[in-house]
Amino acid sequence: MTTFFTNLLKTMKYPFQEIETKWQTFWEDKKVYKTDLTDLEKKIYCLVMFIYPSAAKMHIGHWYNYGPTDSWARFKKLRGYNVFEPIGYDAFGLPAENYAIKTGIHPKDSTLKNIEDIRVMVKHMGGMYDWDSELMTCVPEYYRWNQWLFLQLYKKGLAYRKNAPVNWCPSCQTVLAREQVLNDGSCERCGTTVVQKNLTQWFFKITDYAEELLDGLNKIDWPEKTKTMQLNWIGKSIGAEVDFSVSGTNDKIKIFTTRPDTLFGATYMVLAPEHPLIDKLTTSEFKQKVDEYKDSIKSMTEIDRTSTVKEKTGIFTGAYVINPVTNKNIPIWIADYVLMTYGTGAIMAVPGQDERDWEFAEKFNLPILRTVQPPDGFEGKAFTENGPAINSDFLNGLYVEDAKKKIIEWLEEKGIGKHTINYRLRDWLISRQRYWGTPIPIIHCNECGLVPVPEDQLPVELPYNVNFKPDGGSPLASNPEFVNTKCPKCGKEAKRDVDTMDTFVDSAWYYLRYLNPKYDKGMFDPELGKAWTPVDTYVGGAEHAVMHLLYARFIHKFLRDIGLVNSDEPFQKLIHQGTITNLGAKMSKSKGNVVDPNQFVNEYGSDVFRMYMMFMGPYELGGDWSDKGIVGVDRFVQRTYTLFNTHQNYCKKYPASVKYNLEELSEAEKTIYRKVNQTLDKVEVEVEHFRFNTAVAALMELINEFKSLDECRNDLKTYCLQRFAVMIAPLAPHLGEECWQLLGNKQSIYQTPVWFDVDKSALIEDRVNIAVQINGKLRATIEVANNSDKETTAKFVKSDERVIKYIQDKEIVKEIFVPNKIYNIVVK
RNA sequence: GCCGAAGUGGCGGAAUUGGUAGACGCGCUGGACUCAAAAUCCAGUGGGGCUCAAACCUCGUGCCGGUUCGAGUCCGGCCUUCGGUACCA
């Protein structure tokens, strides 16, 4: 070959556009990523949270979620697994509808258009998706099964309607589930402050599964943080319910407490301002003030009310209850720090052992009685820790746990209380007063009441023509053809439910539908559902920790209970990619800090962009966006391409051995051979654990080592290059395929997956550097044979000038030797 | 307030079980190539001291202590940032 030609190759830039198109077309034409779902040996279901197509573009977050996850899936594929990696669209939801209100473009039209655009971009990214399993939730073939699911839940009493105070977003013009209200009382979607309204709405009874949702957390491989969040959200507390009799009446007030052992210290009672008994028991003397207080609460927002920094307020009702253990009258107060939505809406106040009660008692001069002995020198106010009971008659001397047992026994014996478990978890409110979602399959009949739509009449199709102006009513009500129907039971005129379902219903089971999105005999093919769940690896944002991920677990357990799947959990291993911020803030249109990935994809190609995102830092940490450094990855790709271009057809011309004997290699060859195997070993471990940054770094190190590749015999070069191509293929799939082909391989690497075994004997070095320390300070490094013993090493150490300098005239106290690592001499 | 994660060069970040801090990359500096530039390649690059230079010394992983022959890593006490949560009885 002429020097001229070699130089030409060396200066030729990696033509990413041509090569990406070439391989994308090849993969698609040959259906390389079509998964055989009947092959269950070595199956892996790798799932990424599907796309919410609220805009026509893939943003940085999508790339960051999908690129690295796809690389992991590809890595598994090359290692011989039967990997199922699907993609789809979470296509219902508010943004499309809000967009329609603004522009007049119908949600269906804009959504389908967005999906088309996004599909092109996802393909451009070079994902290993099985396009035959692509799905979108906004088509009747999909949402029909949301309706079917609803009916199954309804049959079991797990879908029900109730009138309750619910969260209403004035901007989204719909109710929200509790999980969709952020901690500052704002709407998760639009940030508007949510208000409370009393409305009759549909709920899914997730609370029936509370205990199992807790138990299941022990069986899944999820980030501890996420499991803790679910644990806290479910909020199990063990305690007791106790009835207190109202003095001078037959009324009883039930309270819930986690500290029944402190019953003797209950010096007053507090009711939530909404408690139904208040009007009845308030004495006429206090009536006006109580009413005033209740009014003042009504005008407060939820945020103000539940603010912990706010000073406690409350008012006496004039009434008393009898403490069942002391038989003393204790006053009944009402205060907004007691919530009607938790427990019974009433508490016994034990200021001695509860900080909130102490604060309240101090402010309103209510009696405080300690019933748990604080340790000597305790200077705090309420004592909430463990200790022996005091001032508690028959409980005296018992520590908290024993005292609880004894008092509960006593209460149960007397029939005035019982052991109780309370959960913070509320039922899932699924009604939405919006258009772009799944219609609720219920008919309201004047004669028969609520009538479920018969299953054979599903789907209840979402009509195209509606008026989706936000006026607080459901847009579907504006379409008479939709609303007016016949009662399936009595045949008389009836009306359809005009609300739609929360879109979290769609996403609660989509991973099952992927297995065969065209299946028309049920929600999904139960055989496949049983074979392919739980999903092995699920990757998505941590913001779904208590919404989507909790709902999906609930629905999965329900589907198991009706026999459609046989696994207990939907997602075995969960990984959260970090968030990519820009200028320290989450990217959003309103902040104007959105970075468009296309500018980089167009300039460097998708392989470089993907790999750069992986190289930026630990996957689970995310970080602030910066394009500094993308050129480094680009250079690496260029060098890789040049390397393979200058070694074309090496596989054919100089076939490599499977393994080389180190003894027979020259020093230069040995070094490279070792480095190749060490890198292979490293890349395997790093990619397996989603540590892509260090995997890319290892490959960069290896290509640096290849500077001396020319000192190797040709078949050994092949050995090195083959392995390099295979290792880079998951991280830069188009480049990987190209390199593999340049080496002279006929088959696409993903068509016929290849991975090489590590030659373990090559991981060990002949000679190693030992750090020599004097009193723990590094004074020298010496090179010795691998696995040298202490005596041999000591000889080298003690004859080294740098060491002698420090140990002469000194007394050697101790010598610590760690083979192949350290030799530390302690002198006095 | 409570729970969790993080804090390492100019920057992004590496560092099995405590064992040579700063891998890899960016940037920067110098050099080669070029009429010149870009690109590419080569060399250097934590701070300070000493030196023509090297060798060498010294300080260094948010702060203060501790354990240890040895601490980025373990323990105690703080500070900052970012997530989660918010009177749940």
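Note on naming: letters A, B, ... go to the chains in the order of the sequence lines (proteins, then strands), and numbering restarts at 1 for each one.
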Restricting both atoms to N or O, compile the protein contacts to nucleotides 81-83 of chain B shorter than 3.5 Å, with distance only.
none

Completion exercise
note: A:Gln230, atom CD; B:rU85, atom P; distance rounded to Å ~ 12 Å
Practice task
Please identify each residue that fulfils salt bridge (charged side-chain N to carboxylate O under 4.0 Å, His left out) with A:Asp221, with sequence neighbours left out.
Solution key: A:Lys573
Practice task
Mind checking side chain to side chain contact (heavy atoms under 4.5 Å, CB included) for A:Leu369 and listing every partner two or more places apart, or none if nothing turns up?
Solution key: A:Thr267, A:Thr371, A:Asn391
Check residues 771-781 of chain A and write down every donor-acceptor pair under 3.5 Å in which the side-chain atom is one partner and the other belongs to a residue at least two apart or another chain.
| from | atom 1 | to | atom 2 | distance (Å) |
| --- | --- | --- | --- | --- |
| A:Asn775 | OD1 | A:Val827 | N | 2.9 |
| A:Arg779 | NH1 | A:Tyr806 | OH | 3.1 |

What are the atom names and distances for every N/O pair under 3.5 Å that joins the protein to nucleotides 16-19 of chain B?
| from | atom 1 | to | atom 2 | distance (Å) |
| --- | --- | --- | --- | --- |
| B:rU17 | O4 | A:Lys821 | NZ | 3.4 |
| B:rG19 | N2 | A:Gln773 | OE1 | 3.2 |

Problem - Euclidean distance, atom CG of residue A:Asn232 to atom C1' of B:rC2 [Å, nearest integer] - result: 10 Å
Problem - Pairing residues for A:Val637 by the side chain to side chain contact (heavy atoms under 4.5 Å, CB included) criterion, not counting sequence neighbours - result: A:Tyr14, A:Val608, A:Met611, A:Leu735
Practice task
Check every strand shown and say whether A:Tyr806 touches a base, only sugar-phosphate, or nothing at a heavy-atom separation below 4.0 Å.
Solution key: sugar-phosphate
Exercise for the section: For A:Tyr423, check ring-ring contact (aromatic ring centres under 6.0 Å, His included) against everything at least two apart and list the hits. Expected result: none
Just the atom pairs and distances: protein N or O near nucleotides 26-28 of chain B's N or O, under 3.5 Å.
| from | atom 1 | to | atom 2 | distance (Å) |
| --- | --- | --- | --- | --- |
| B:rC26 | OP1 | A:Arg635 | NH1 | 2.5 |
| B:rG27 | OP2 | A:Arg635 | NH1 | 3.4 |

Problem - Runs of at least three consecutive pairs that involve RNA chain B, where pairs are Watson-Crick or G-U with distances under 3.5 Å - result: B:1-7 with B:79-85, B:10-12 with B:24-26, B:27-32 with B:40-45, B:46-49 with B:56-59, B:62-66 with B:74-78
Completion exercise
Sequence neighbours excluded, the answer for side chain to side chain contact (heavy atoms under 4.5 Å, CB included) partners of A:Ala542 is A:His576
Table please: side-chain donor-acceptor pairs of residues 626-634 of chain A below 3.5 Å, with sequence neighbours left out.
| from | atom 1 | to | atom 2 | distance (Å) |
| --- | --- | --- | --- | --- |
| A:Ser626 | OG | A:Lys628 | N | 3.1 |
| A:Asp634 | OD1 | A:Gln638 | NE2 | 3.3 |

Exercise for the section: Quick one: list whatever passes salt bridge (charged side-chain N to carboxylate O under 4.0 Å, His left out) with A:Glu211, sequence neighbours left out. Expected result: A:Lys236
